[in-house]
Amino acid sequence: MKIIGIESSCDETAAAVVEDGRKVLSNVIATSLEEHKLYGGVVPEIASRRHAECISSVVKAALDRAECNIEDIDAIAVTYAPGLIGSLLVGVNFAKGLSLSAGKPLVPVHHLRGHVASNYLSSGTEPPFLCLVVSGGHSHIVAVKSYTDFEVIGRTRDDAAGEALDKAGRTMKLEYPGGVSIDRISPQGDDSAFEFPHPKLSTSVYDYSFSGLKTKVINYVHNAEQKGESVNVPDLAASFQKAVVDCLLSNLELAAEDFGYDKIVIAGGVSANSRLRAEAEKMCKSHGWSLTIPELKYCGDNAAMIASQGYYEYKNGTVADESLNAYATMPIDDIKF
Ligand code: KG4
Ligand code: ZN
């Protein structure tokens with residue numbers, strides 16, 4: 001079964017054709033990232049306009065590169081939540097038009113479920129497993145009981161990991177996205193140079209909080225500025241990255257032990273982080289757990305992951321009609337459309 005996936009939840013306009021949920025026949029991504037760099041973050045209106053301009057050619061290129069036309073496609077999967085609403089609407093409306101004109105079923109896909117599915121593209125991993133989903137907008141520990149049955153075990157109470165990395169990077173005057181810059185610069189720094197607290201929450205032992213760590217970075221930089229000193233950016237970046245990765249993995253480890261999972265999966269943009277990948281590898285090895293992380297090309301936003309999850313959602317009977325809308329927020333474990 002061939003599914004075309006369409007993704008436009010943030011600043012990437014993407015389309016991909018995937019066979020039987022696993023075999024990527026094409027994967028096309030256009031991004032407006034360079035324009036957003038000028039502003040230090042994604043400007044929603046610019047992102048929406050770029051989606052509108054390039055979505056037709058991106059979808060056409062995905063079909064061409066997969067050497068098929070729309071008649072060969074069995075269903076159209078589209079990200080409908082969560083994300084920037086103006087961005088999501090471009091993809092959703094395009095998918096609705098395509099579905100109507102080609103007479104193909106329309107399958108709504110939750111963006112974070114798509115990130116989880118990015119692991120099906122690079123490995124033979126199958127649920128059940130415990131997944132750390134870490135992106136620019138979310139940090140979740142999720143029990144993936146089947147391809148379409150999810151339960152959130154832990155979540156961030158404030159900033160997402162990617163958001164905290166991006167804001168810290170901005171404070172250190174590094175290029176947007178801060179997560180990528182911090183990853184790049186950290187090997188040049190001493191990760192024990194700056195101290196960070198390890199936040200523990202009273203709400204749940206599996207929950208995260210990153211805003212305190214982020215404030216610490218702001219304080220270090222402001223204190224140095226007030227004294228007329230310059231802060232050592234590689235040291236600060238390395239220490240902050242260590243703190244974020246330690247937090248992410250310690251809660252994940254606890255959840256895996258408590259819920260009895262020996263299969264660990266990581267997904268989302270932050271799964272590209274080299275320290276997270278290396279430390280997760282060590283942690284899983286020490287317990288004898290298996291670890292799956294997407295190939296780097298599937299860590300960030302892409303449509304192959306949406307087509308993959310779309311395949312499993314479709315097999316589970318999920319089909320939307322022409323009234324499908326887009327939603328800025330939507331829980332991963334209780335989807336509505
Ligand atoms: O999943 P994603 O591409 O978009 C969302 O769904 O949010 O995640 C984007 C986030 C950004 O915060 C970015 O800084 C972070 O992923 N990111 C990284 C790395 N690559 C992307 N964070 C740390 N290290 C990286 N190598
Ligand atoms: Zn994403």
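Hydrogens, waters and symmetry mates play no part in the numbers below; they use all other heavy atoms, side chains included. Order of appearance sets the numbers: ligands from 1, and atoms from 1 within every ligand.
- Against a heavy-atom cut-off of under 4.0 Å, Gly137 is close to the following atoms of ligand 1: 7 (O).
- With respect to atom 26 (N) of ligand 1, the closest heavy atom belonging to the protein is Asp183 OD2, 2.8 Å.
- You'll find the ring centres of Tyr261 and Phe129 outside the 6.0 Å limit.
- Of all atoms in ligand 1, numbered sequentially from 1 with element shown, those under 4.0 Å from a heavy atom of Val180 are 19 (C), 20 (N), 21 (C).
- Using a 4.0 Å cut-off to heavy atoms of His111, the atoms of ligand 1 that qualify are 6 (O).
- A side-chain N or O of Glu7 and one of His111 form a donor-acceptor pair less than 3.5 Å apart.
- Note: Tyr208 and Phe210 meet the aromatic proximity criterion, with ring centroids under 6.0 Å apart.
- Close approach of ligand 1 to Gly162 (heavy-atom distance below 4.0 Å) involves ligand atoms 12 (O).
- Between Leu121 and Met305, the shortest heavy-atom distance links the atoms CD1-N, 3.7 Å.
- Below 3.5 Å of separation, one finds an N or O of Gly179 facing an N or O of ligand 1.
- Assignment of Cys10 to the shell around ligand 1 is not supported, since no heavy atom sits closer than 4.0 Å.
- For Tyr120 and Tyr312, the ring centers are positioned less than 6.0 Å apart.
- Taking backbone and side chain together, His111 holds an N, O or S atom under 2.8 Å from the Zn ion (ligand 2).
- Other residues, nucleotides and ligands place more than 12 heavy atoms under 6.0 Å from the NZ atom of Lys37.
- Side-chain contact, Ser139 with Thr156: no donor N or O sits under 3.5 Å from an acceptor N or O.
- A donor and an acceptor atom, one from each side chain of Asp183 and Ser274, are located under 3.5 Å apart.
- The shortest contact between atom 9 (C) of ligand 1 and any protein heavy atom is with Gly136 N, 3.7 Å.
- When ring centroids are compared, Phe196 and Phe240 come within the 6.0 Å threshold.
- Residue-to-ligand polar distances keep Leu165 apart from ligand 1: every N/O pair is separated by 3.5 Å or more.
- Residue-level proximity to ligand 1 for Asp301 is carried by backbone and side chain together, each with a heavy atom below 4.0 angstrom.
- Centred on the Zn ion (ligand 2), the angle running from Asp301 (OD1) to His115 (NE2) is recorded as 90°, rounding to 10°.
- Which parts of ligand 1 touch Pro177 is read off a 4.0 Å heavy-atom cut-off, strictly below it: atoms 14 (O).
- From His222, atom NE2 reaches atom OG1 of Thr215 across 11.0 Å, with rounding to the nearest 0.5 Å.
- The contact set between ligand 1 and Ala272, taken as ligand atoms under 4.0 Å from a residue heavy atom, comprises 20 (N), 26 (N).
- Heavy atoms from both the backbone and the side chain of Asn273 come within less than 4.0 Å of ligand 1.
- Residue-ligand proximity, Gly269 to ligand 1, at heavy-atom distances under 4.0 Å covers atoms 1 (O), 2 (P), 3 (O), 8 (O), 16 (O), 17 (N), 18 (C), 19 (C), 20 (N), 21 (C).
- Defined by atom type and a distance below 3.5 Å, a donor-acceptor pair is missing between the side-chain atoms of Tyr298 and Asn119.
- Atoms of ligand 1 lying under 4.0 Å from any heavy atom of Asp166, numbered from 1 in the order shown and given with element: 11 (C), 12 (O), 13 (C), 14 (O).
- Judged purely by atom type and a 3.5 angstrom limit, Thr171 has no side-chain atom pairing as donor or acceptor with the backbone of Ile218.
- Of the protein's non-hydrogen atoms, Val270 CG2, 3.9 Å is the one closest to atom 15 (C) of ligand 1.
- Within the structure, ligand 1 has His115 among the residues with a heavy atom less than 4.0 angstrom away.
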